[in-house]
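The block underneath contains the structure these notes are about, expressed in structure tokens.
By convention in this document, chain letters (A, B, ...) are assigned in the order of the sequence lines, proteins followed by strands, and residues within each chain are numbered from 1. Please read these numbers as outputs of a predicted model, since none were measured by experiment.
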Amino acid sequence: MSQFWKPGTERPRIVDDEEGGVLLYPTSSSSSSGFGYGSLEKQRQRLPVYKYRTAILYSVETHATTIVVGETGSGKTTQIPQYLKEAGWAEGGRMIACTQPRRLAVQAVSTRVAEEMDVKLGEEVGYTIRFEDITNEELTRVKFLTDGVLLREMMDDPLLSKYSVIMVDEAHERSLSTDILLGLLKKIQRRRPELRIIISSATIEAKSMAAFFNTRRRREQEQGPTKEPAILSVEGRGFNVEIFYVEEPVSDYVRVAVSTVMSIHDQERMGDILVFLTGQDDIDAAIQLLTEESQSSGKQGLVSVPLYSGLPRADQDLVFSPSPRGKRKVIFSTNIAETSLTLEISDIENLVVAPISKASARQRAGRAGRVRPGKCYRLYTEDYFANEMSVVGIPEIQRSNLVSCVIQLKALGIDNILGFDWPASPSPESMIRALEVLYSLGVLDDDAKLTSPTGFQVAEIPLDPLISKMILASCELGCSEEIITIAAVLSIQSIWIPVRGVQKQLDEAKLRFAAAEGDHVTFLNVYKGFIKSNKSSKWCHKNFINYHAMRKVIEVREQLKRITQRLGIGLESCEGDIQAVRKAVTTGFFANAARLEPFSHNGMYKTVRTSQEVYIHPSSVLFRVNPKFIVYHSLVSTDRQYMRNVITIDPSWLMEAAPHFYQKQLDSSIPQ
DNA sequence: GAGCACTGC
């Protein structure tokens with residue numbers, strides 16, 4: 001272990017934090033630097049984080065865990081891994097890892113760092129995301145990756161032994177995999193005292209994060225780094241954002257949003273406006289309203305641009321194009337603009353409308369102050385912000401289906417799932433529900449251990465366990481070629497072009513592919529057509545199919561092909577034997593069986609398991625067809641519970657697929 | 001006759 005500490009530099013001042021943490025202050029802003037003086041180097045030194053270089057390295061040297069509280073623009077993500085490298089943490093064949101919640105960020109940051117270090121991306125600096133491993137086993141010393149990929153790596157190397165330092169960036173977003181990762185890293189630390197962890201967090205969460213990682217017991221003689229985490233604050237570089245609230249709560253917020261835009265346009269100097277709305281409908285309504293109002297009042301100089309994920313890529317790019325001369329751009333966006341995109345637009349004025357967490361509100365306001373001071377108009381009262389809004393959003397782990405998460409932990413050998421130490425604990429009920437599902441799938445046995453081979457195989461496939469089970473079943477039924485296509489389609493959002501106003505044409509296009517057996521088989525027809533067209537984008541356009549989605553389908557399908565091969569499962573086509581396909585789907589999704597209510601005039605179904613009232617989603621090819629027995633892929637609840645993506649089945653297959661699960665129902669409710 | 005968004009392996 002190289003205990004590297006730059007000699008000749010002054011030790012940073014350490015001050016005890018009032019709650020037991022340790023705060024480090026930099027001693028001087030110009031620390032020793034032996035680097036060259038290229039312009040990139042100069043830029044690096046101008047970043048706020050540079051002042052803390054010494055303090056960060058000292059903290060990492062002496063503490064098992066360092067929590068870095070940093071605002072956007074501090075440069076921590078790109079600089080800290082380089083500091084670690086310069087300080088010798090990547091010597092002796094070891095690696096420095098830096099995780100991000102999103103793939104785009106991984107690519108962007110690693111590209112930037114490779115540039116700054118003047119190395120070729122994929123050599124000393126590399127990255128790994130799903131579908132792309134741009135690293136070199138011998139050369140790569142600094143590796144950027146999504147936290148999901150790092151979790152997968154743990155399946156082969158549970159102690160992550162090749163890494164000397166792991167930096168978990170954007171931990172405050174509390175994504176599902178970040179939380180799992182943090183829980184597991186805490187466990188690894190116990191076995192690997194030499195491992196260093198850096199967590200970048202928001203101010204409000206730093207203390208609870210420090211408490212979570214504080215494994216130091218009283219009177220314990222410490223060897224090596226102290227187990228009490230250090231907290232370090234690095235200021236950002238944002239500009240001031242002035243905040244305004246409405247005086248009275250508003251009822252029609254779309255209308256108020258639009259009139260606020262108009263008055264900003266009237267009274268403020270030039271600069272673009274970013275408006276956050278809840279969804280596509282409101283965005284469309286707002287744009288229409290703004291167009292009408294500016295026309296009727298004779299106002300000019302406003303250009304509205306919508307921004308949401310369903311929008312074709314080219315339309316999304318409009319957001320980044322500069323506003324026409326003398327015009328003010330108004331971007332109406334979903335929360336996609338909150339984190340996922342860095343809007344490199346200068347001169348943004350900001351307008352927030354939805355009930356969100358305070359943390360989210362701050363993040364949104366921050367979008368306005370990136371390039372120059374901005375203003376933020378919140379369409380709720382200050383009182384509401386102070387007293388009604390929660391401090392942070394609920395971590396994903398406390399509001400998600402834990403089936404995938406449980407199986408991942410099981411695969412990593414964590415037996416006592418209920419006793420696992422999380423940064424935020426999910427409810428025991430949701431845990432138990434997940435365990436029940438996995439048991440019924442035959443993935444876990446009576447002792448809640450992974451079954452062999454099914455359990456281990458399901459864990460190996462990076463998809464929802466229900467889908468993985470369906471894939472395994474398809475191998476036995478001789479239709480794995482077809483089923484991995486279906487699995488790939490189900491794992492992306494939608495293969496149809498998101499429509500506004502061309503609903504009828506889309507429905508007609510769908511009919512060209514529609515299969516009597518249901519949506520899954522329809523997907524097979526679409527895929528076949530796409531391949532036959534030579535993966536043509538023109539063909540997609542003609543048939544109202546999302547070309548980019550189909551490219552993704554191909555990608556996911558290729559990955560699934562590789563995985564099934566690795567599992568020693570052959571690919572086989574059933575050559576049109578659709579019954580095999582339906583059986584395979586049933587084997588994974590038997591728990592989602594529903595039966596048409598006899599004499600139902602409005603297409604009401606009841607789930608076989610819980611007699612819950614459900615309906616076929618109008619987007620399904622089986623909408624209004626209403627076959628007697630179906631299984632669905634997922635439920636969406638609005639005013640009714642809608643089943644999305646359904647396929648017809650024979651009820652006797654349910655018994656075959658899950659005898660223990662359907663024993664009781666078979667006796668009573670399923671007619672033969 | 002559809003009714004939140006986003007992310008990840």
Side-chain angles (χ1 to χ4, degrees), chain A residues 99-106 128-133 145-156 170 173-181 276-285 306-311 316 332-341 353-357 360 363-364 393 395-397 399-401 403-405 407-408 411 458-465 467-468 487-488 491-494 496 498-501 503-504 506-507 510 552 555-556 559-560 562-563 602-603 615-626 636-644:
Chain A
T99 74
Q100 298 288 323
R102 277 173 297 278
R103 293 164 43 176
L104 205 72
V106 169
T128 311
I129 56 179
R130 186 183 189 180
F131 303 127
E132 258 184 283
D133 183 11
L145 67 179
T146 52
D147 28 31
V149 168
L150 191 61
L151 279 177
R152 285 276 151 190
E153 283 192 1
M154 289 180 72
M155 290 200 179
D156 295 324
E170 312 287 356
E173 282 188 31
R174 306 308 297 269
S175 81
L176 193 54
S177 34
T178 308
D179 270 11
I180 302 173
L181 186 62
F276 284 102
L277 298 169
T278 53
Q280 201 174 322
D281 282 351
D282 282 348
I283 290 173
D284 291 342
L307 178 63
Y308 47 86
S309 75
L311 222 52
Q316 285 190 18
F332 290 95
S333 171
T334 62
N335 60 3
I336 188 174
E338 199 173 301
T339 51
S340 336
L341 293 169
V353 283
I356 40 168
S357 72
S360 237
Q363 180 109 5
R364 289 179 175 193
E396 201 180 354
I397 195 144
R399 53 184 166 88
S400 333
N401 182 328
V403 172
S404 299
C405 166
I407 195 171
Q408 228 168 351
V458 168
E460 185 86 5
I461 303 175
L463 295 173
D464 181 329
I467 293 191
S468 309
S491 71
I492 63 157
Q493 304 228 345
S494 170
W496 307 104
V499 281
R500 290 276 133 162
Q503 190 58 55
K504 220 172 147 202
L506 173 69
D507 283 349
K510 256 187 203 175
K552 252 193 217 161
E555 237 180 22
V556 176
Q559 191 195 21
L560 293 178
R562 285 196 300 273
I563 288 168
N602 60 351
Y615 297 83
I616 293 181
H617 196 278
S619 65
S620 168
V621 296
L622 292 185
F623 179 68
R624 281 206 283 247
V625 176
N626 294 336
V636 282
S637 48
T638 52
D639 56 333
R640 286 176 172 181
Q641 299 277 351
Y642 286 103
M643 303 178 277
R644 240 192 209 150

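Between the CD atom of A/Q559 and the C1' atom of B/dG8 there is a distance of 11 Å, given to the nearest Å. Between the CD atom of A/E555 and the P atom of B/dC9 there is a distance of 11 Å, given to the nearest Å. One atom, CD of A/Q493, and another, P of B/dC6, lie 7 Å apart when rounded to the nearest Å. Straight-line distance from the CZ atom of A/R644 to the P atom of B/dG1: 18 Å, rounded to whole Å. Rounded to whole Å, atom P of B/dT7 lies 8 Å from atom NZ of A/K552. Rounded to whole angstrom, the span from the CG atom of A/L181 across to the P atom of B/dC9 amounts to 13 Å. As a whole-Å value, the separation of A/I492 CD1 from B/dC9 P is 15 Å. Distance, A/Y615 OH to B/dG3 C1': 16 Å, rounded to whole Å.
Within the 4.0 angstrom heavy-atom criterion, base atoms lie near A/D507. Counting any heavy atom pair closer than 4.0 Å across all strands shown, A/Y642 reaches sugar-phosphate atoms only and no base atom. Note on A/L151: nothing from the nucleic acid sits closer than 4.0 angstrom, heavy atoms only.
Considering only side-chain N and O atoms, A/T146 lies under 4.0 angstrom from the phosphate OP1 or OP2 of B/dC9. For B/dC9, the OP1/OP2 oxygens have a side-chain nitrogen or oxygen of A/R103 closer than 4.0 Å.
Distance from the side chain of A/H617 is smallest to B/dG3 among B/dG3, B/dG1, B/dT7. For A/I129, the listed nucleotide lying nearest its side chain is B/dC9; candidates were B/dC9, B/dG3, B/dA2. Listed nucleotides B/dC9, B/dT7, B/dA2 differ in distance to A/R102; the shortest reach to its side chain belongs to B/dT7.
Between A/Y615 and A/Y642, the two ring planes are tilted [angle within 30° to 60°].
Summarising the geometry, atom CD1 belonging to A/I283 is positioned 9.0 Å from atom CZ belonging to A/F332; distances are rounded to the nearest 0.5 Å. Distance CD1/A/I180 to CG/A/L150: 12.0 Å, rounded to 0.5 Å. Rounded to the nearest 0.5 Å, atoms OG (A/S175) and CZ (A/R102) are 8.5 Å apart. For the atom pair CD of A/E153 and OG1 of A/T99, the computed distance is 11.0 Å after rounding to the nearest 0.5 Å.
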